[in-house]
Amino acid sequence: MLDTNKDSLKLEAMKRIVAMIARGKNASDLFPAVVKNVACKNIEVKKLVYVYLVRYAEEQQDLALLSISTFQRGLKDPNQLIRASALRVLSSIRVPIIVPIMMLAIKEAASDMSPYVRKTAAHAIPKLYSLDSDQKDQLIEVIEKLLADKTTLVAGSVVMAFEEVCPERIDLIHKNYRKLCNLLIDVEEWGQVVIISMLTRYARTQFLSPTQNEGGREEAKGPGSEEAATTALPARKPYVMDPDHRLLLRNTKPLLQSRSAAVVMAVAQLYFHLAPKAEVGVIAKALVRLLRSHSEVQYVVLQNVATMSIKRRGMFEPYLKSFYIRSTDPTQIKILKLEVLTNLASETNIPTVLREFQTYIRSMDKDFVAATIQAIGRCATNIGRVRDTCLNGLVQLLSNRDELVVAESVVVIKKLLQMQPAQHGEIIKHLAKLTDSIQVPMARASILWLIGEYCEHVPKIAPDVLRKMAKSFTAEEDIVKLQVINLAAKLYLTNSKQTKLLTQYVLSLAKYDQNYDIRDRARFTRQLIVPSEQGGALSRHAKKLFLAPKPAPVLESSFKDRDHFQLGSLSHLLNAKATGYQELPDWPEEAPDPSVRNVEVSGGERLNCVCADCMSHTSPSVSWLMRVASGGCGFHAESGRGPRAPALDPRSPSTDPESESASDSKSSSESGSGESSSESDSEDQEEEKGRSSESPRCLMTLAEDKAGTGSLLAHFHTGPPPPLQLLSPGSGAGRQELLHRVAGEGLAVDYTFSRQPFSGDPHMVSVHIHFSNSSDTPIKGLHVGTPKLPAGISIQEFPEIESLAPGESTTAVMGINFCDSTQAANFQLCTQTRQFYVSIQPPVGELMAPVFMSENEFKKEQGKLTGMSEITEKLTLPDGCRSDHIVVQKVTTVANLGRVPCGASDEYRFAGRTLTSGSLVLLTLDARPTGAAQLTVNSEKMVIGTMLVKDVVQALTQ
Amino acid sequence: MIHSLFLINSSGDIFLEKHWKSVVSRSVCDYFFEAQERATEAENVPPVIPTPHHYLLSVYRHKIFFVAVIQTEVPPLFVIEFLHRVVDTFQDYFGVCSEPVIKDNVVVVYEVLEEMLDNGFPLATESNILKELIKPPTILRTVVNTITGMEKGETHRELPSWVKALNNLLPAFCLIPISGSTITAEIQGVIDACVKLTGMPDLTLSFMNPRLLDDVSFHPCVRFKRWESERILSFIPPDGNFRLLSYHVSAQNLVAIPVYVKHNISFRDSSSLGRFEITVGPKQTMGKTIEGVIVTSQMPKGVLNMSLTPSQGTHTFDPVTKMLSWDVGKINPQKLPSLKGTMSLQAGASKPDENPTINLQFKIQQLAISGLKVNRLDMYGEKYKPFKGIKYMTKAGKFQVRT
């Protein structure tokens, strides 16, 4: 059929062949016939031929080579899907001869335009590596190149390749670390798992332990406790988390909400291994959620929870009830849940836990009952308070009809009694009676051991038990026989009068036992205890040997110390090192240089252009202020160095103007270069929150001071960019004319909105009025006459200006409360001789003052102001105003708003409050690279919102 | 990563195998069979079995074991999650995932598996993407193929703007009341969406009471930041059926349990007869009927047989597995369903010391027991008007009554 020309027949034939492969039948005889069809035009057939090839090429290497040229042609195909699938099949053919061809193909595909092809190239890397590990160096080069890729599609696959080929080359990650962190949330789930576990390892080598200064309690348990303690103690400087470390924690946290259990587990282990103690708690809820998933998932998660709950009991305590067992759970899940419950049991919750256990004991699943009894034993040892209760409960179980239950209880009781034997003679007696009924060897052995050990507490019963056991000696199991010998020996030593004969009888029985272990034991015991003629030195010490006080056994979880394996890994689950397991390194003592992760400007201070613009004009002290302020308003771009951020060195800005202008020119490229820089910036701001929230206030007071001393202020306003306007970068609308010099008979009056808070009343807009006298006589007694004001509007007049000499000019400040409306304030400007009717109408953008908020606050507020309060307008940005810098400047010129830090590169957010009512005005501009943009204003004051939209759109589109 | 996959049915036959790297001999499954034998019950087979050279990770669903063979360290959940995804994909493709169906569609299954992994690393696992690569089998398919062939790059069908968005709420319970008081109860719910919209619709779904949701997990299409800040779900949906959200309502928000069970099960030491009586009744259902009620109980080994008479529905008792099952159907609040009768016990044996637990299944239509309500669903980005609908449903999860 394969030789026909009809595609449908070929397809049918191929389907049959593939079905054979799927069932595991050998179809390799057909190889020549199939491989002929590799060039078939029909894509369905082609696909199946590929499937066949990949499966059998290894076995028929020579023939497989025939198909290679087809794939090589496919690699050049204009269709990305065909390129990708050709590379995929080519790299899947495990024929060593074509290694050079594969290498070439991978290299080429790694720089392909299509991210899908690049992803396939990343997949091909481990395939080639497993075929020929000599290619490692070349492959690492490709990996390095692909790691720099910015698409989410590639990220997961290349990290996977990295893990398989060169997990030790951690240095390749440095440059890509922040990018990976930022991309993480958009990577597909499988990639997320791989990236997260790789980053966990990375973080362990690059950052300091967040717990090291918390008393080092955990380290104290670890093997390296001495070093840890010695180094931690003298270096007790406050621990500051590397901002990159913080970045990783913050960016992975949302993934706890992923639908994929694997991702949640990966994040959980990352938090467990990397986060400071206080923050680990967040993972508990997510892990508990996984417990409602399939039982296989439960199994794995419970294993990990069991390990975590030993170290961090508090984390899971609130979820205690989630670990309650249902009768329908499979046994292995029940036992794991029991393990967790036991780990979680504490002084406070032990009564509830024990009550739960009581119901479990009545379960029909006997393995589970046995496990429960052991769990009770562990609770009893861990929590002294309930030891007696537990013991009583266990003794009651001894009357249970199920032998297994009784046996298990005996074993556990034995362990418990060993801790405090003196008080429990009664129980031992009770146990002794049980020897008649219990048949389970382990339990019998335990009872005998107990009686032997504490025979002085039960002097009457012990010989009797021995007598009975001697009778049935031959029928006992080996383990019981050994204990009988032990018992006999011990009794002989303590009470030889009654038991001498019995002991000898037992020993001689044992001498002819089939088991050599028992024979040996019998001989050895006889030599020890029965005083012989030689009077061996040993027999004198026999009592010491046999009746030495024995330390109580420690009942502990089998999950203890499992945490040296990375949680969530296969090795952890098996408690054995799996092939290819990468050890989780210990925290470094000293933090490696964090600057290796800087991407473009190494160690430079990257300042936003807007700040830098103004910078060149300002004095050092002001520039410092500005930096703090701009840090608050979300402009400040530090290179991620964290706490030493706002360079307090006043000289730095003024002394290196080059660097400033350099960063200016760079900033546009940086902001274009993606989220990585802006993300890390906004993070810095959060860290500096404490500081930055103060900074505006300090700036305000400063402004007020200066407003009070008017002359100084006037001085400030002579320069074109008034430094204090830095609060809201970009000045307000320029000077407006209030009175023309012709109409004013020589007196010209202009006004500007200074955008400073008015000193007298915070609800007022402060207006600077500039008077200049162009007449040839002095103008005297300038003041504000009776204003005719619309309702609500009020004016704080400026102090009377006594005299203005010809040619002179002066400035006065007045405050106007516009009552959040754009109605004009009409008033009279009086001189000694004349009265001029003037009016000031504010642009809507001046009716507000900037507020500082974080992105989250912004979104929260925006969420409240939807529906009627939201006004949206679409616009197209002209070519000239697409850069960040210009957009921000234009918006801030129109409206007195503060910029809000924003994660996305082409979204701009601004926030302000209207002066009078203090209602929020939130402005969002969503600019697409194509120039299309959407402007959204959220404000309770709809009129203001509408007008603002109009003004901003106008400003932006001009 | 994942080397090979074997599909094994409950009688121990390997009926499908797929290798993504070099071929691993089927004999590796012998270790699995060994473990299966030891475990006696299918659920008890450990999901991870180490063998000298490989590790076998398995999931058991629809009476089929999906056994993945791996060679090197890999997060076990990664593999298990993938296997479950495989099952889900099959279910999506063929409606059901059972041995005969897989055998019938073996070529499609093989191709799908080929696409899902590349060299053992997941490649395409979203069913809408897979369906574009490999068409699911339909009767029409052959016809369509001959007419159009395979169209590449076809992303969305040119449908008229016909739209459907359906949401199910399936709050489920897990609770175990003992002696009248509830031990633990929780609500776990999901929102499943069925979206058939052309273009790139941007949907937002808001709740009346989002605070109710204690713990949520999302489909990857949901924008997490919007949820964080505004508590609304904003997403561009994939085509077809998908699980948009699963949530959990914490036990603190007092769960109102819609049913109660009265039981009187007594064994007497002397006689070989025991009394058995169960009554099921509604409680706080807000006027909705409780449907599909099924009561099951695992009786102790000592019970030989039961002679019972139900007031409604049918009941069965399997004397071998000792499983009692009573299919009640609807609960009529006026006439509460009950099941009464006697148990015959093993003569001479003392009374069993375990008490059976009673498992209950039921569902309530048109009611989300959590009280969660969808406020509105808006669409942006497309001009047409979508058809919207929502369906609430409550289903019992692991509802157990200890006696």
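Chain naming here is simple, since letters A, B, ... match the order of the sequence lines and numbering starts at 1 in each. All heavy atoms count here, side chains included; hydrogens, waters and symmetry mates do not.
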Checklist entry - With only heavy atoms counted, which part of B:V45 is less than 4.5 Å from chain A, the side chain, the backbone, both or neither? => result backbone
Checklist entry - Picking from B:H84, B:H19, B:H219, B:R231, which has the most non-hydrogen pairs under 4.5 angstrom with chain A? => result B:H84
Item to check | A:Q332 side chain near B:P47 side chain, heavy-atom distance below 4.5 Å | outcome: yes
Checklist entry - With only heavy atoms counted, which part of B:Y55 is less than 4.5 Å from chain A, the side chain, the backbone, both or neither? => result side chain
Checklist entry - Most heavy-atom pairs under 4.5 angstrom with chain A, which of B:N44, B:V107, B:L16? => result B:N44
Item to check | Interatomic distance, A:S260 atom OG to B:R85 atom CZ [nearest 0.5 angstrom] | outcome: 6.0 Å
Checklist entry - Which one, B:V59, B:L57, B:T72, B:I232, leads in non-hydrogen pairs under 4.5 Å with chain A? => result B:V59
Item to check | side chain to side chain contact (heavy atoms under 4.5 Å, CB included) evaluation trace for A:R289 with B:V216 | outcome: CA-CA 9 Å; A:R289 161 158 37 88; B:V216 284; over 6 Å; no
Checklist outcome for this item: Rounding to 0.5 Å, atoms CD (B:E115) and CZ (A:R88) come to a distance of 5.0 Å
Next on the checklist: Heavy-atom pairs under 4.5 Å with chain B - which of A:I333, A:V301, A:T352, A:V300 has more of them than the others?
Outcome noted: A:V300
Next on the checklist: Report which part of A:V193 has an atom under 4.5 Å of a heavy atom belonging to chain B: side chain, backbone, both, or neither.
Outcome noted: side chain
Checklist entry - Say you draw a straight line from CD1 of A:I185 to CZ of B:R223; how long is it, rounded to the nearest 0.5 Å? => result 12.5 Å
Item to check | Greater than 12 external heavy atoms within 6.0 Å of B:R376's CZ | outcome: no
Checklist entry - In terms of heavy-atom pairs under 4.5 Å with chain A, which of B:R226, B:R26, B:E228 leads? => result B:R26
Next on the checklist: As a quick check of understanding, evaluate side chain to side chain contact (heavy atoms under 4.5 Å, CB included) for A:E296 and B:L83, giving each step before the final call.
Outcome noted: CA-CA 10 Å; A:E296 295 87 6; B:L83 293 176; over 6 Å; no
Item to check | Contacting moiety of B:W227, where chain A heavy atoms sit under 4.5 Å | outcome: neither
Next on the checklist: So for A:S197, is it side chain, backbone, both, or neither that comes closer than 4.5 Å to the heavy atoms of chain B?
Outcome noted: neither
Next on the checklist: For a side chain to side chain contact (heavy atoms under 4.5 Å, CB included) check, start with the C-alpha distance between B:F121 and A:S157, then their side-chain angles and the critical distance, and finish with the verdict.
Outcome noted: CA-CA 8 Å; B:F121 189 76; A:S157 305; 4.3 Å; yes
Item to check | Nearest non-hydrogen partners of B:E73 and A:S569, listed with the distance | outcome: OE2-CB, 2.9 Å
Checklist outcome for this item: So, the part of A:Q192 with a heavy atom under 4.5 Å from chain B: the answer is neither
Next on the checklist: Between B:K225 and A:K859, does the side chain to side chain contact (heavy atoms under 4.5 Å, CB included) criterion hold? Intermediate values first, please.
Outcome noted: CA-CA 9 Å; B:K225 283 195 171 166; A:K859 285 181 174 164; 3.4 Å; yes
Checklist entry - For A:K46, does the NZ atom have more than 12 heavy-atom neighbours from other residues, nucleotides or ligands under 6.0 Å away? => result yes
Next on the checklist: Could you measure the distance from the OG1 atom of A:T872 to the OH atom of B:Y380? Nearest 0.5 Å is fine.
Outcome noted: 9.0 Å
Checklist entry - Is the side chain of B:E17 donor-acceptor paired with the backbone N or O of A:R23 at a distance under 3.5 Å, no angle test? => result no
Checklist entry - Got a second to check how far A:I125's CD1 is from B:N119's CG, nearest 0.5 Å? => result 11.0 Å
Checklist entry - Out of A:K860, A:E163, A:Q862, A:H294, which one racks up the most heavy-atom pairs below 4.5 Å with chain B? => result A:H294
Item to check | Among A:M265, A:Q269, A:E189, A:E861, residue most engaged with chain B (heavy-atom pairs, under 4.5 Å) | outcome: A:E189
Checklist outcome for this item: So CG of A:L255 and OG of B:S217: to nearest 0.5 Å the spacing works out to 12.0 Å
Checklist entry - For chain A, which of B:L123, B:V222, B:I14, B:L7 has the most heavy-atom pairs under 4.5 Å? => result B:L123
Checklist entry - Which region of A:V264, side chain (C-beta onward) or backbone (N, CA, C, O), has a non-hydrogen atom less than 4.5 Å from a non-hydrogen atom of chain B, or is it both or neither? => result neither
Checklist entry - Are any of the side-chain heavy atoms of B:P220 and A:R259 separated by less than 4.5 Å? => result yes
Checklist entry - Looking at B:I80, B:L113, B:V79, B:V109, which one has more heavy-atom pairs under 4.5 Å with chain A than the rest? => result B:I80
Checklist entry - For B:F218, does its backbone N or O pair with a side-chain atom of A:Q257 as donor and acceptor, under 3.5 Å? => result no
Item to check | Part of B:I102 within contact of chain A (heavy atom distance under 4.5 Å) | outcome: neither
Next on the checklist: For B:F78 together with A:W190, are the ring centres under 6.0 Å from each other?
Outcome noted: yes
